[in-house]
Amino acid sequence: EMKSRLVVAHFDHGLRGAESDADAEFVKEHAAMLSLPFEQGRGNAGRFAVDNKLSPEDAARRLRHRFLAKTARCSDAGHIALAHHEDDHVENFFVRLLRGASPQGLAGMDWIAPSPVESQIRLVRPLLGFRKEELLAHARREGIPYREDSTNAGTQPIRNRVRHELLP
């Protein structure tokens, strides 16, 4: 029943060239294999960051959320499911701690929260209770293909330093 209402949405931030194109094609192919509609958006997070005096990460996040909210509106969807997992939650806590967040800011991500673009649209994080390694192990065990963003392997931005240097 729920499958008939799902839409797969993918946003290309315009930061990784051919790798981003391959990610988009991967998502599009898998949406088709599951007989799910696919919506793709593109932006130039680098230019948006410069024009708006933002970090590339903040610019990418803002553009992505705008696209997701627009896709939800056009699809008459009240919810957007995101793939944040427990490791993201922990990293987010430490990034906010290092930046001097208030106690409310340190609370981290909510399982369900309003979209930062349109408050009537809800963001849901169904994977928040699972560690990344658990999700990867499940994917390998079940033969579920996946891709990893190569920029996550470096130590820039601060989230990556937290991931690779602080948490281990």
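These numbers come from the heavy atoms of this one structure, side chains and all, not from hydrogens, waters or symmetry mates.
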Taking the side chain as every heavy atom from C-beta outward, state whether [X] and [Y] have any atom pair closer than 4.5 Å.
X    : Y   : result
P116 : R61 : yes
V8   : E39 : no
V124 : I80 : no

Provide the closest heavy-atom pair for [X] versus [Y] in the form atom of the first, atom of the second, distance.
X    : Y    : value
A45  : A59  : O-CB, 3.5 Å
R122 : P114 : NH1-CB, 3.1 Å
G143 : P145 : O-CD, 3.3 Å

Those residues that, when tested against [X], pass salt bridge (charged side-chain N to carboxylate O under 4.0 Å, His left out) (two or more places apart):
X    : value
R125 : none
E25  : none
R47  : D51
D12  : R42

Any donor-acceptor N/O pair, [X] side chain to [Y] backbone, under 3.5 Å:
X    : Y    : answer
S115 : V117 : yes
N52  : L54  : no
N92  : D88  : no
H164 : N152 : yes

Rounded distance [0.5 Å steps], [atom1] in [X] versus [atom2] in [Y]:
X   : Y    : atom1 : atom2 : answer
S55 : Q156 : OG    : CD    : 11.5 Å
Q40 : T71  : CD    : OG1   : 10.5 Å
E86 : E133 : CD    : CD    : 13.0 Å
H89 : L128 : NE2   : CG    : 5.5 Å
L68 : S75  : CG    : OG    : 10.5 Å
L36 : K28  : CG    : NZ    : 14.5 Å

Is [X] isolated, or which residues cluster with it under the ILVMFWY side-chain rule of less than 4.5 Å, directly or via members?
X    : value
L136 : Y146
F94  : V90, F93, V95, L97, L98, L106, I158, V162, L166, L167
F130 : L127, L135

*Those residues that, when tested against E148, pass side-chain hydrogen bond (donor to acceptor under 3.5 Å, both in side chains) (two or more places apart)*: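 If we apply the side-chain hydrogen bond (donor to acceptor under 3.5 Å, both in side chains) test to E148, skipping adjacent residues, the hits are K132.
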*Of all residues at least two apart in sequence or in a different chain, which pass the side-chain hydrogen bond (donor to acceptor under 3.5 Å, both in side chains) check with D110?*
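D110: no side-chain hydrogen bond (donor to acceptor under 3.5 Å, both in side chains) contacts found.
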*asked:* For R16, give me all partners under side chain to side chain contact (heavy atoms under 4.5 Å, CB included), at least two apart in sequence or on another chain.
replied: E19, S20, D23, D149, T151
*Please answer: with hydrophobic residues joined when any side-chain heavy atoms are less than 4.5 Å apart, are W111 and M109 in the same cluster?*
yes
*Only pairs at least two apart or in different chains count here, so list each ring pair (Phe, Tyr, Trp, His ring centres under 6.0 Å) that has a residue in residues 12-70.*
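For residues 12-70, and leaving out neighbouring residues, the ring pair (Phe, Tyr, Trp, His ring centres under 6.0 Å) pairs sorted by first residue read F11-H13, F11-F67, F26-H30.
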*Applying salt bridge (Lys or Arg N to Asp or Glu O under 4.0 Å), which residue pairs with at least one partner in residues 157-168 are found, sequence neighbours left out?*
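Listed by first then second residue: E91-R159, E91-R163.
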